[in-house]
Amino acid sequence: MQIPRYVRVNTVRTSTEEVIAWFTENGFKLRRKRSIVDSIQMASGTFCVDEHIPNVLVFPAGTDLHDNILYKEGKIILQDKASCFPAFVLNPPAGSDVMDACAAPGNKTSHLAAIMDNKGQIFAFDISEKRISTMKKLLHRAGEKIVEAKHQDFLKTDPRDPVYTNVQYILVDPSCSGSGMINRLDYVTSDIDNMDAKEKQRVYSLARFQVKVLSHALSFPNVKKAVYSTCSLHNIENEEVIVKCLEKFHEKFELKKALPDWPHRGHAVFPQASNCVRASPKEGSTSGFFLALFEARNSTGTVEV
Ligand code: SAM
C-alpha cells in the first residue's frame, strides 16, 4: 500500500513560495489540480500544494527526499499529511503556553512552534530519553527556540504547578498500537476480534493508558483547547477513549467538529462521533489516523487564575 510523499515546509526557516521555487528550479513540475494527488496518478517529478493543510506539499509515492538539501537544512520536514492535522487543529497563537504531552520524536512539536511563529513556550514531554535526544536534534535542525524538552512522565506533572498556570493548549498524541502506520497496514489486522490474545491485551492496555493521559491533560486548570490523536485504526484507542473522557469531563469540555471540510469522520459509536476525524490510505491518501478536539465550555480566551 502506498501514499504520496508529504512535505511540510518549515516556515521557521523558509516559506512555501521559496520551497516551491527551489523544486521548480530543480526539475520538478508544479501541478495545480487536486485529481493528481492520488499516488497512482501522480507522475514522477511532479508535485502540488495540499488542499487541506497550509504549507504542505504533495509528491508522488516513493519520492525520496532524505538527501535533499532543504531537508538537511531543516527547511522541509518529511511528515505525513495526517500527522500535520493535530498542530493545525490546535492552532495555538504566537506567544501562548502549550503542552505537548507525548512529544518525541517531535514532528508535531516542531509544527506547533512554526504555527506559533517561534514565539511563546512549548513544554514538550517524553518518557523516553533516547526519543527526547532525537527530538532535540530535530528541533535544533528546524531552528525552533521555544521548546523546553522534558524527559519526564507526563502523568507525573502536577496540574497545580504554577509553571503551567498559563497553559491553554495541549496536544495529546500518546503511544498507540500504530495499526494505522503505512508499513503495517498490509499485514496487521484492524479487526480487534481477529487479533491473537496477546495483541488484544496490548491494545486494551494502551487504551487504558490513553484515557489516563487525555484525562490528565484535561485536568490542567486553564486549558482552552486540547487535541487527541493516534495513528491507530481501533475504535478502542480512538472513539472509545473520547467517550470515556467525555463522561468524566463533559461539564468542562465539549467535543468540537475538527477539520469541518474533511469528509472522513469518526466511527458512529457515539452520538458526536462525526465531530472526530478519521484518515487512511483509502480515506484521504494518508496513513491511518484519528483526531478529536476538545474545547473548554467557558472558553473566553482569558486565563482564569
Ligand atoms: N507526537 C510525536 C510526534 O509527532 O513526533 C509522536 C509521539 S509517539 C506516538 C508517543 C510518545 O509517547 C513516545 O515517544 C513515547 O515515548 C511517549 N510516552 C509514552 N508514555 C509517556 C508518558 N507517560 N509521558 C510522556 N511521554 C510518554
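Note that this is a predicted model, so its numbers are computed, not measured. Every number for a ligand or one of its atoms is a count from 1 in the order of the listing.
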Minimum heavy-atom separation for C102 to D126, with atom names? C-OD2, 3.9 Å

Which of the atoms in ligand 1, numbered in the order shown and given with their element, are less than 4.0 Å from a heavy-atom of F209? 19 (C), 20 (N), 21 (C), 23 (N)

Is any N or O atom of F125, backbone or side chain, closer than 3.5 Å to an N or O atom of ligand 1? no

Ligand-residue contact atoms, ligand 1 with D153, heavy atoms, under 4.0 Å: 22 (C), 23 (N), 24 (N)

In this structure, atom 26 (N) of ligand 1 is nearest to the protein heavy atom I127 N, 3.2 Å

Ring-face cation of R5 near F47 (centre distance under 6.0 Å, axis angle within 45°): no

Using 4.0 Å as the upper bound for N to carboxylate O, is an ion pair formed by R13 and E18? no

Applying side chain to side chain donor-acceptor pair (under 3.5 Å) between S215 and each of K248, K244, Q210, report the one that passes. K248

Just need the protein heavy atom nearest to atom 3 (C) of ligand 1, so name the residue and atom and give the distance. A103 O, 3.6 Å

Heavy atoms only: give me the nearest F209-P174 pair and the separation to one decimal. CE2-CB, 3.8 Å

Return the orientation label for the F23 and F28 ring planes: parallel under 30°, perpendicular over 60°, tilted otherwise. perpendicular

For atom 24 (N) of ligand 1, what's the nearest protein heavy atom and its distance? F154 N, 2.9 Å

Can you confirm if the aromatic rings of H111 and F88 lie within a centre distance of less than 6.0 Å? no

Can you tell me which residue and heavy atom of the protein come closest to atom 4 (O) of ligand 1, and the distance to 0.1 Å? K108 NZ, 2.9 Å

For G106, counting its heavy atoms only, list the atoms of ligand 1 lying under 4.0 Å from any of them. 3 (C), 5 (O)

Which protein heavy atom lies closest to atom 16 (O) of ligand 1, and at what distance to 0.1 Å? D126 OD1, 2.6 Å

In this structure, atom 12 (O) of ligand 1 is nearest to the protein heavy atom C102 CB, 3.2 Å

Protein contact of atom 19 (C) of ligand 1 - nearest heavy atom, named by residue and atom, plus distance: S175 OG, 3.3 Å

Please identify which atoms of ligand 1 are closer than 4.0 Å to at least one heavy atom of Q152. 24 (N), 25 (C)

Is a side-chain donor or acceptor of D161 paired with a backbone partner of Y164 at a separation under 3.5 angstrom? no

For atom 8 (S) of ligand 1, state which one of R131, K130, K212 supplies the nearest heavy atom. R131

Ligand 1 to P174 polar contact by distance, N or O atoms, under 3.5 Å: no

shortest atom 7 (C) of ligand 1-to-protein heavy-atom contact is with A104 O, 3.1 Å

Is it true that S110 and N10 share a donor-acceptor pair across their side chains at a distance under 3.5 Å? no

Mark yes when over 12 heavy atoms from residues, nucleotides or ligands other than E73 sit less than 6.0 Å from its CD; otherwise mark no. yes

If you apply the rule salt bridge (Lys or Arg N to Asp or Glu O under 4.0 Å), what do you find for D196 with K198, and how did you get there? CA-CA 6 Å; D196 64 45; K198 202 171 157 205; over 6 Å; no

Could you list which atoms of ligand 1 come closer than 4.0 Å to a heavy atom of S128? 16 (O)

Sub-4.0 Å atoms of ligand 1 with respect to non-hydrogen atoms of A101: 25 (C), 26 (N)

D100, L155, D173: member with heavy atom nearest to atom 1 (N) of ligand 1: D173

